[in-house]
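First the structure, in the form of structure tokens, and then the observations on it.
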Amino acid sequence: MGFSVLKFGGSSVADATNMSRVLDIVGDALDGGRVVLVSSAISGCTDGLLACADGDREREAELMDRHLAIVRRLFTGAEQAEAAAEVMRLFAAMEAAPAEEKVTFGELLSTRILARKLECERIRAHWVDSRELVVKDDLPETYRRIRAAVAATDAPVVVAPGFICCDSSGRTCTLGRGGSDYSAALYAAALAADSLQIWTDVPGIMTANPKQVPAARTIPGMSYRAALEMAEHGAKVLYAPTVAPAMEAGIDIEIRNTFAPAGRFTRICAQADASPWIGVASQGGEICLVGTEEADFADATDTVRETLRTAGIAPLDVRVDGLNLLVRVREAIELPALQALHRAFFETRPLREVNLFIAGFGAVGKALVKMVGRTAATVAERTGKTLRVAGLGDSRRWRIDLGGVDSLDGAVAGDFVDAVLDLAPKGSVFVDCTDSETLYKRYPDLFRAGLHIVSSNRRSFAVPYVEYAALQAAARENGCFFRYETTVGAALPMLESLAIGANSCDEILSIEAVVSCTLNQILSAYGEGPTFASLVKAAQEAGLTEPDPRLDLGGRDALRKLLILAREAGVQLEEQDVAIEPIIPASLFGVPLDAFYQGLEELEPVFAQAQRDALATGRRRRFVAFLEKIPAGETVISTKAGAPSVISTKADRPRGEISPLGYRAGIRVVEVPETHPAYYLRGTENAILIRSAFHPTPIVIQGPGEGARQAAASLLNDILR
Ligand code: ASP
Ligand code: MG
């Protein structure tokens, strides 16, 4: 029958309880054949003995106590007395021994106790003296002596001290700190053992030292070479010289956990490694990433540099060394560097995949597709999500590929939403970047199919409140999110700011929103230079307005935004609640476009006068959409700076002076003083002032109100939020 060689480390034999575990493991191993049990000294013993050699009597007394305590726990009666007497004899011998030999007594003590305990349990154990069998630096002689000694006994268990040996002249010495592993390998190789098991206090060789990197995990299988690299570069779990004898003899090495014998472990064998990177070991400020033939070193070097840069660590050196990547850092920051590198190479956080189906492939849709591609790594790092554009469509055609798409090339004709309903996995996000006035009618279908919706299309919201509420309900009932921050003020967090208030039952007192990019552009540019009409024309030509600019001048766009703002604030505003005072007279609406421009040109003196009037009082004209709580009991509308002075209601919804909502709303040109945030708005900038019970001095948000990239960023934020 063959042999198994089982080696136990210091912590595995630290006390009586642990020694009992060891004996259980040995007992089990005996089912498979004879066992050579190699043991270290009990933990801390070797250090203690080195102190004894320096004359530390206290350490000696402490060590003796620990061994006697073990003996008292493991044995009773006469056997206890005999074992205790043996411990005392060994301590006496240790005292008498030359200083350099004192360190060899730890393994004598532990193995003597183990052998005795086996005998007590009626397992025949034969103790051999490694000081006579292991000849340092002489493998053939060592193997010959071990074979002879083991052949001389038929005991099922041979117990051998690790670590200790003799030199060629026969003087007792050691194999070096941690050398018991090597002793075990020598016994295994000499006996052509079936297996070599190194039993320790961690579950095998791990991707990093688990005491330094808690996320480290067991490497189930690895090559001799990789194990050797790990050991040589600082992995303390295995003494590096152990590998060679086992490898030459073709014996697998198992690294197992005494404290979880049936748990995970590492098998080191002749097989090739399964993954490009094995693990990371470190010592003295040098971190070694152990790689294999499969590893891409150029790529990994980049990853290392990028990872350390993100962690705020400047490496002293990064270089390839054989199949390893060596990273030198200041020793003081070795630990955080090690952890960061382990995270980058070995902690594959399960990334959540999010499929995007983007309707509308205009400027915003294109910017979004580009942004998703460009930010993938950052997004994954920050949010744990991988975004993939899985479908694109416009009003006529679509393309869906769950592997990812980035253009409409190869699109098929047909209805995109139908295709999405057919093919999109539940939990995907449908992104509406269209200008469609009807697409929102499909939203409930999408919600029912389990899709979330993110939209930049404000036309979907200029619908009666009941329809708006139905969309919200459909989202809620299907557990989907429905986000549309982009619809007002592009990327400016206007809706979010209102939602925070609404959710916390803050009471909105007023909203003043300068959200019409077109009118801001025109009003802020108007002055000494071009006429009002020519500015409108320029805006139209720049694509800033609707095809018919009167829709903007009439306040249509501002109205949509105001509805969204109000509803987000919890006010059930309807289109007809909003008193709009267009910037142009009603007579200019029903006429052809060129007649409109003509009429506008004729109105130039009126615009110029209004401008002069404003300037004379140090004010500027701004197109403001507002929502204002009507103070209880108030019937007369006050006039205050920056707030509207005249409120009119549309005739088709007659009502009393107190609105049923408790709010009044309007859109009009207001002359704002220099103290008003909108005073300094330029071009297409937007601003919103939110006054609430909690924020009587307003929350002010202002900044760019449009732009494809801003919109894409805002959509992305809604997708990830
Ligand atoms: N007892 C020795 C040491 O602590 C040998 C070993 O544990 O492997 O270095
Ligand atoms: Mg050890």
Side-chain angles (χ1 to χ4, degrees), residues 1-10 12-13 19 22-23 25-27 29-30 32-42 45-46 86 90 93 101 103-119 121 123-136 138-167 170 172-200 239 241-242 245-246 249 251 253-254 256 258:
M1 252 219 261
F3 279 96
S4 303
V5 176
L6 278 65
K7 178 264 171 179
F8 293 88
S12 299
V13 293
M19 281 197 183
V22 165
L23 297 176
I25 292 167
V26 169
L30 281 171
R34 293 176 74 189
V35 167
V36 176
L37 164 53
V38 178
S39 179
S40 294
I42 68 171
C45 184
T46 305
E86 180 166 40
L90 282 167
E101 281 182 27
V103 73
T104 62
F105 281 81
E107 274 71 8
L108 297 177
L109 283 157
S110 63
T111 50
R112 281 299 194 177
I113 294 171
L114 286 166
R116 218 173 243 288
K117 180 63 181 171
L118 283 164
E119 287 285 345
E121 310 233 306
I123 299 171
R124 265 191 316 122
H126 178 73
W127 186 87
V128 293
D129 192 342
S130 300
R131 291 174 298 185
E132 286 161 8
L133 304 186
V134 178
V135 185
K136 199 169 181 172
D138 189 345
L139 285 181
E141 182 59 17
T142 298
Y143 291 169
R144 203 184 54 72
R145 291 189 192 185
I146 289 174
R147 279 183 204 125
V150 172
T153 174
D154 63 355
V157 182
V158 174
V159 180
F163 184 50
I164 58 178
C165 60
C166 62
D167 61 18
T172 298
C173 59
T174 76
L175 295 170
R177 293 309 303 268
S180 295
D181 292 351
Y182 183 50
S183 308
L186 295 177
Y187 278 94
L191 301 171
D194 297 335
S195 82
L196 168 58
Q197 303 171 16
I198 310 282
W199 289 82
T200 178
Y239 184 51
T242 312
I251 302 168
I253 309 172
E254 290 170 20
R256 289 177 168 271
T258 305

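This structure is a prediction, so every number in the text was calculated from the model and none was measured.
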Query - Nearest atoms (heavy-atom pairs only) where Phe3 meets Val35 - result: CD2-N, 4.3 Å
Report task. Kindly say whether Gly2 contributes a backbone atom to a donor-acceptor pair with the side chain of Arg34 at under 3.5 angstrom? Result -> no
Query - Ile25 vs Leu23 side-chain heavy atoms within contact, under 4.5 Å - result: no
**Report entry** Test item: Thr174 side-chain N/O and Phe163 main-chain N/O as donor-acceptor pair under 3.5 Å
**Finding:** no
Requested in this report: Tell me, please, which residues at least two apart from Arg112 pass side-chain contact (heavy atoms from CB on, under 4.5 Å).
Outcome: Glu86, Leu90, Trp127
Query raised in the report: How close do Thr104 and Leu108 get, heavy atom to heavy atom, and via which atoms?
Result: O-CG, 3.5 Å
Query raised in the report: Parallel under 30°, tilted from 30 to 60°, perpendicular over 60°: which one fits the rings of Tyr239 and Tyr182?
Result: perpendicular
Query raised in the report: So which heavy atom on Ala188 is nearest to which on Ile251, and how close?
Result: O-CD1, 3.3 Å
**Report entry** Check: Glu254 main-chain N/O paired with Gln197 side-chain donor or acceptor under 3.5 Å
**Finding:** no
Query raised in the report: Between the main-chain N or O of Ala125 and the side-chain N or O of Glu119, is there a donor-acceptor pair closer than 3.5 Å?
Result: yes
Requested in this report: Determine, step by step, whether Lys7 and Asp181 satisfy the side chain to side chain contact (heavy atoms under 4.5 Å, CB included) criterion, reporting the C-alpha distance in whole Å, the side-chain angles of both residues, the deciding distance to 0.1 Å, and the verdict.
Outcome: CA-CA 7 Å; Lys7 178 264 171 179; Asp181 292 351; 2.7 Å; yes
Query raised in the report: Is the closest side-chain heavy-atom distance between Cys165 and Leu175 below 4.5 Å?
Result: yes
Report task. Please examine the side chains of Val158 and Tyr187, heavy atoms only from C-beta on, and report whether any two atoms are closer than 4.5 Å. Result -> no
Query raised in the report: Got a sec, which residues hit salt bridge (charged side-chain N to carboxylate O under 4.0 Å, His left out) with Asp138, two or more places apart in sequence or on another chain?
Result: none
Report task. May I ask you to decide if Ser12's main-chain N or O and Thr258's side chain share a donor-acceptor pair within less than 3.5 Å? Result -> no
Query raised in the report: How far apart are the C-alpha atoms of Leu6 and Val36, what are their side-chain angles, what is the distance that settles it, and do they pass the side chain to side chain contact (heavy atoms under 4.5 Å, CB included) test?
Result: CA-CA 6 Å; Leu6 278 65; Val36 176; over 6 Å; no
Query raised in the report: Under a 4.5 Å cut-off applied to non-hydrogen side-chain atoms, are Phe8 and Val38 in contact?
Result: no
Requested in this report: Would you confirm whether Ser195, through its side chain, and Ser4, through its main-chain N or O, come within 3.5 Å as a donor-acceptor pair?
Outcome: no
Query raised in the report: Is the backbone N or O of Val135 less than 3.5 Å from a side-chain atom of Thr142, with the two atoms forming a donor-acceptor pair by type?
Result: yes
Query raised in the report: Say you draw a straight line from OG1 of Thr111 to CG of Leu37; how long is it, rounded to the nearest 0.5 Å?
Result: 8.5 Å
Requested in this report: Might you work through the side chain to side chain contact (heavy atoms under 4.5 Å, CB included) test for Val159 and Val128, ending with a clear yes or no?
Outcome: CA-CA 6 Å; Val159 180; Val128 293; over 6 Å; no
Report summary line: In short, Arg147 meets Ala189 closest at the heavy-atom pair NH2-O, 4.5 Å
Query raised in the report: Do the non-hydrogen side-chain atoms of Lys136 and Cys166 ever get within less than 4.5 Å of each other?
Result: no
Query raised in the report: Is the backbone N or O of Glu132 less than 3.5 Å from a side-chain atom of Arg145, with the two atoms forming a donor-acceptor pair by type?
Result: yes
Report task. Work out which heavy atom in Thr242 is nearest to a heavy atom in Ala185; give both atom names and the distance. Result -> O-CB, 3.4 Å
Report task. Evaluate the side chain to side chain contact (heavy atoms under 4.5 Å, CB included) criterion for residues Met19 and Leu114: first the C-alpha distance (whole Å), next the side-chain angles of each, then the deciding distance (0.1 Å), finally the verdict. Result -> CA-CA 7 Å; Met19 281 197 183; Leu114 286 166; 4.0 Å; yes
Query raised in the report: Where is the tightest heavy-atom contact between Ile42 and Val13, given as atom of each residue plus distance?
Result: CG2-O, 3.1 Å
Query raised in the report: How about Arg256 and Thr200: do any of their side-chain heavy atoms sit closer than 4.5 Å?
Result: no
Query raised in the report: Which pairs, with at least one residue in residues 182-191 and sequence neighbours excluded, count as a salt bridge (Lys or Arg N to Asp or Glu O under 4.0 Å)?
Result: none
Query raised in the report: Do the non-hydrogen side-chain atoms of Glu107 and Ser130 ever get within less than 4.5 Å of each other?
Result: no
Query raised in the report: Thr153 side chain to Val150 main-chain N or O, any donor-acceptor pair under 3.5 Å?
Result: no
**Report entry** Heavy-atom side-chain proximity of Trp199 to Ser39 below 4.5 angstrom
**Finding:** no
